[in-house]
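Start at 1 with the first residue, then count along the sequence.
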Amino acid sequence: MKNLAIFDLDHTLIHTDSDNAFPKFLIEQGLLDADYAAAQNEKFYQDYLSGCLNVADFVRFQISPIAHLTPAQRNELHQQFQAQYIAPHASQAAKDLVNRHHRAGDELLVISSTNEYIIAPICQQIFGIDNIIGTQLETDANGLFTGNIVGTPSLQEGKITRLNQWLAARGETLASYGKTYFYSDSQNDLPLLNLVDEPVAVNPDATLLAHAQAHGWAVLRFDEAA
């Protein structure tokens, strides 16, 4: 029976936060006012670390500067963002972990609270993972982002909701797999970490580290260097 290996992305597979980095990139590109955006970005990031992020508000802030861009323009922008802000923070240790699961024949899945526009190319191009769950963005009839989200944000318990939806669409449940793994850095992911067979704390925050140590979970630390 095949196993299921689930990964968080930010500060787990990559040694940075793509959600936090993207507005910084937009400032650099002249698409966001620097003073306003830096303050807002830091506020939202601290809310995430504290476990009280309003995903809809953050996505609206994050996406509104590129709402006028066509899909082709967005893709071109993302390639530049990924090269500058993400690829240098994808450690070899993280790539090796993913590759071990690939070689074992496991099903691989990334679940991140970050929106799918940001995470999908990273997961596919850097890690070779095609199963991706992120916060879904609404588009209009022309394929432009509206700034709104669709469905349940994949944050905290929302990751379980979205995982179950993904499994149901495949005619599966977690019981369809011999063993389930979840790798994450954040206390926000404790609901899903507590659900799988093999929870693993990767570069954990203080709350997650304490929980992992109290429950005998594996703890991994990846270096910054790519």
Side-chain angles (χ1 to χ4, degrees), residues 7-50 52-95 110-129 132-140 142-150 153-155 185-186 188 202-203 205 222-226:
F7 305 89
D8 180 46
L9 180 64
D10 299 316
H11 293 297
T12 302
L13 290 183
I14 56 175
H15 213 291
T16 189
D17 190 292
S18 59
D19 237 357
N20 186 252
F22 190 65
K24 295 177 182 178
F25 171 71
L26 295 181
I27 292 170
E28 180 185 285
Q29 297 298 307
L31 293 169
L32 264 177
D33 175 76
D35 292 338
Y36 166 76
Q40 287 293 104
N41 200 33
E42 181 61 22
K43 173 191 177 299
F44 284 123
Y45 185 52
Q46 292 303 318
D47 286 348
Y48 171 78
L49 294 178
S50 301
C52 60
L53 176 66
N54 185 306
V55 175
D57 287 347
F58 177 65
V59 166
R60 193 171 296 109
F61 155 75
Q62 187 182 50
I63 295 301
S64 59
I66 63 170
H68 64 287
L69 299 181
T70 66
Q73 290 170 326
R74 294 197 305 260
N75 292 343
E76 182 177 352
L77 188 72
H78 192 287
Q79 289 304 302
Q80 187 176 349
F81 164 67
Q82 183 170 303
Q84 292 178 216
Y85 280 82
I86 303 301
H89 301 288
S91 71
Q92 188 59 50
K95 295 174 184 177
V110 168
I111 303 183
S112 171
S113 62
T114 303
N115 72 74
E116 291 182 351
Y117 163 67
I118 290 179
I119 68 170
I122 297 169
C123 298
Q124 293 164 345
Q125 297 169 17
I126 296 179
F127 295 101
I129 300 175
I132 300 158
I133 296 173
T135 295
Q136 296 175 296
L137 300 179
E138 182 183 68
T139 56
D140 64 16
N142 297 313
L144 305 182
F145 290 144
T146 67
N148 297 321
I149 63 174
V150 178
S154 41
L155 176 67
D185 71 292
S186 175
N188 285 299
V202 180
N203 303 325
D205 61 34
F222 297 154
D223 293 333
E224 169 74 22

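When every heavy atom of G134 is checked against every heavy atom of S154, the shortest pair comes out as C-OG, 3.2 Å. Contact record, P71 with G143: CG-O, 3.8 Å, taken as the closest heavy-atom pair.
The main-chain N or O of N148 is found under 3.5 Å from a side-chain atom of T146 such that the two form a donor-acceptor pair.
Side-chain contact between D17 and H11: present, with at least one pair of heavy atoms (C-beta onward) separated by less than 4.5 Å. Using a 4.5 Å cut-off on side-chain heavy atoms (C-beta onward), D8 and I111 make no contact. In this structure, Q125 and Q79 have side chains that are in contact, with non-hydrogen atoms separated by less than 4.5 Å. The shortest side-chain heavy-atom distance between L9 and I122 falls under the 4.5 Å cut-off. A heavy-atom distance below 4.5 Å is found between the side chains of I126 and I86. Residues F44 and V55 have side chains not in contact (no heavy-atom distance under 4.5 Å, counting atoms from C-beta outward). Using a 4.5 Å cut-off on side-chain heavy atoms (C-beta onward), I132 and I119 make contact. Side-chain contact between L13 and I129 is present, with heavy atoms from C-beta onward closer than 4.5 Å.
Atom NE2 in H78 sits 7.5 Å away from atom OG in S18 (nearest 0.5 Å). Rounding to the nearest 0.5 Å places OG of S112 at 13.5 Å from CZ of F7. Expressed to the nearest 0.5 Å, how far CD1 of I14 lies from NE2 of H89 amounts to 8.5 Å. In this structure, N188 CG and C52 SG are separated by 9.0 Å, a value rounded to the nearest 0.5 Å. To the nearest 0.5 Å, the span separating OG1 on T139 from CG on L144 amounts to 8.5 Å. One distance of note links CD of Q80 with CD of Q29; it measures 4.5 Å at 0.5 Å rounding.
D10 and T114 form a side-chain donor-acceptor contact under 3.5 Å, judged by distance and modelled atom types alone. For the residue pair D185 and T12, a side-chain donor N or O sits within less than 3.5 Å of a side-chain acceptor on the partner.
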Listed pairs under 3.5 Å, donor-acceptor, residues 57-67 side chains, sequence neighbours left out:
| residue | atom | partner | partner atom | Å |
| --- | --- | --- | --- | --- |
| D57 | OD1 | R60 | NH1 | 3.3 |
| D57 | OD2 | N54 | ND2 | 3.4 |
| Q62 | OE1 | N115 | ND2 | 2.8 |
| Q62 | NE2 | D19 | O | 3.1 |
| Q62 | NE2 | D19 | OD1 | 2.8 |
| S64 | OG | R60 | O | 3.1 |

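Note on residues 21-38: no pairs pass salt bridge (Lys or Arg N to Asp or Glu O under 4.0 Å), not counting sequence neighbours. Screening residues 115-129 for salt bridge (Lys or Arg N to Asp or Glu O under 4.0 Å), with sequence neighbours left out, gives E116-R162.
Annotation: H15 is not in aromatic contact with F222 [ring centroid separation under 6.0 Å not met].
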Ring pair (Phe, Tyr, Trp, His ring centres under 6.0 Å) evaluation trace for F145 with Y117: CA-CA 10 Å; F145 290 144; Y117 163 67; 5.6 Å; yes
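Residues satisfying the ring-ring contact (aromatic ring centres under 6.0 Å, His included) criterion with F25, sequence neighbours excluded, are F81, Y85. For D47, the salt bridge (charged side-chain N to carboxylate O under 4.0 Å, His left out) partners are K43, not counting sequence neighbours. Partners of E76 under the side-chain contact (heavy atoms from CB on, under 4.5 Å) rule, at least two apart in sequence or in another chain, do not exist in this structure.
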